[in-house]
Amino acid sequence: MSTTRIVMPETARKGEVIEIRTLIRHEMETGHRRDHTGKPVPRDIVHTFTVTYAGDEVFRTELFPGVAANPYIAFTTVAVATGDLEFTWLDDQGRRTVETRRLSVT
Amino acid sequence: MTRWGATLLCLGIASVLSVSARAERPAKPQPGRDFQSAETRKLEADEAANPAYLWLEDGRRLWRHPAGAANRSCESCHGASETALTGVAARYPRVVPGTGRLVNIESRINDCRVTRQEAPAFKAESTELLGLTLLVTLRSRGMPRQVVIDGPAAPIFERGRTLWMTRQGQTNLACSQCHDDNVGKSLRGDRISQGQSDGWPAYRLEWQSLGSLHRRLRACSLGTRAEVLDYGSDDYLALELYLAWRGGSLPISSPGIRR
Amino acid sequence: MNGTRTSFDRRVVASGVAALAIAPALGSAAVADENALAKAALAKIAAGRPMQKGRVTITLPELAENGNSVGLTIAVDSPMTAGDYVKTLHVVSEKNPIAEVVKFHLSPRAGRARVSTNIRLASTQTVTAIAEMSDGTLWFGTASVIVTLAACVDGG
């Protein structure tokens, strides 16, 4: 699991649109580089970032090598009900990083 | 003495004397952030988007983790990471009493790691060492560095000052020639800074990673086409002490974001 | 000592020269060969449908000090209701080795069509954001960025 950082409110009013800001540490190896012997370094990037909220997918990002290392993704979601948000990052090596955050909706 | 010998002697004296005349620190110290673009400054100030905070997350996790043969965590001695070691980083680098040895935060962390946790030292620029160094440095955020430059630290400080003013490398440039004499001027796409260490450890866009001050000093050595020294070398430590003094009233602003 | 950085063929832009690239002419064939990858990516996204300029605001700095990481924000003028929302947001680079940079999938659950990320830019160029609406229409916006190179590129 890669290190992540998620900044989002802990509580929100029902119907409020909240902003969620995420970071994950990942080199996002593009596949264009060559090592010091001239051998190509294979692509290894986070290719998909998915967010579910109380079971429904509310946001998804498909990343390509043009996304910077240590990708920052910020998005919004409507506070519908108290529940867990699950954040999943998946990379080319099949590494899956999952984080959960609870949102209390009043 | 032969004519050749005399010539060589003159050249030798000339190179030793090739130091910039400046010995004072800047009257108005300017943080490294002032020489970055507005976007970079904005990113630095944004704790949700500044990638350096990823390393802080690691540091916090490590802080609580019992390690080594002693099975001890940092927290067990120092308390919670949010309140531990307030103001300590501001006093580094410092000479360990009775040893004459100058230690910076990184080597102090490794000293603890080896002697208190009885675990192997962290490698230079490892995620662990960077995370813990950042964590400890943040506990002095907003405070100016206050280092001791007399007593046993005096010869090390003098070494740092001499290095700052001595021409080096194939480019034959001294640090002070750029960072004292040409501050604010353009060097290709860059604005030359005062070379202050207030934002370090910092996330460098060129590295796409958080890095230590020594990593940046190695880049400076490479930039002037001088010999790149090891992490923790005596010369970089001496420079680190000099830079800590040179910052004067500048508050510690780590983690900076730099080009 | 090799650092982990991309080795895009970055071009040094002399300071003071505004080398703005021209946005790909969407819907017409008048695009330079060097933008062929971008043109192909845009054609794939369009899939025969027309693209209208508007509703999409793309925010990028005018000048990026390092092409390794450039902050990008896209906002789309959309009510994001069940009947009228942004389904997909595409970001296409004019000059990167791979034209498609990132793709966001949204729904009415987003509340607002506004996303941010950080992207890599190989050189000075125009970036295009295309919004695919729930009714199948396509809207786009562009922004141009000058990418400069640091003085001391050290690979360390």
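Chain letters run A, B, ... following the sequence lines, proteins first, then strands; residues in each count from 1. All values reported here derive from a predicted model rather than from experimental measurement.
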Flag, side chain of C:N118 to backbone of A:P71, donor-acceptor distance under 3.5 Å: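 Not confirmed, C:N118 side chain does not pair with A:P71 backbone.
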Interchain contact, C:S69 with chain A, by part (heavy-atom threshold 4.5 Å):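 Its backbone and side chain both get close to chain A.
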Region of A:V41 that comes under 4.5 Å of a non-hydrogen atom in chain C: neither
State, yes or no, whether a side-chain contact exists between [X] and [Y] at a heavy-atom distance under 4.5 Å.
X	Y	result
C:M80	A:V78	no
A:F64	C:V101	no
A:I73	C:V115	no

Taking atom [atom1] of [X] and atom [atom2] of [Y], what is their separation to the nearest 0.5 Å?
X	Y	atom1	atom2	value
C:I98	A:H32	CD1	NE2	4.0 Å
C:F104	A:E62	CZ	CD	11.0 Å
A:M28	C:R120	CE	CZ	6.5 Å

Top contributor to chain C contacts, counting heavy-atom pairs under 4.5 Å, from A:I18, A:T76, A:V17: A:T76
Option that, when pairs with chain A are counted at under 4.5 Å, heavy atom only, ranks first among C:R112, C:R114, C:H105, C:E100: C:H105
cation_pi(C:R109, A:Y53) dist<6.0 Å, angle<=45: yes
Within 6.0 angstrom of A:R102 CZ, more than 12 heavy atoms from elsewhere: yes
Flag if over 12 foreign heavy atoms under 6.0 Å of CZ, A:R96: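 Counting neighbours around CZ of A:R96, 12 or fewer heavy atoms of other residues, nucleotides or ligands fall under 6.0 Å, so no.
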Non-hydrogen atoms of C:S107 and A:V58 that approach each other most closely: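 Taking every non-hydrogen atom into account, OG-O, 4.0 Å.
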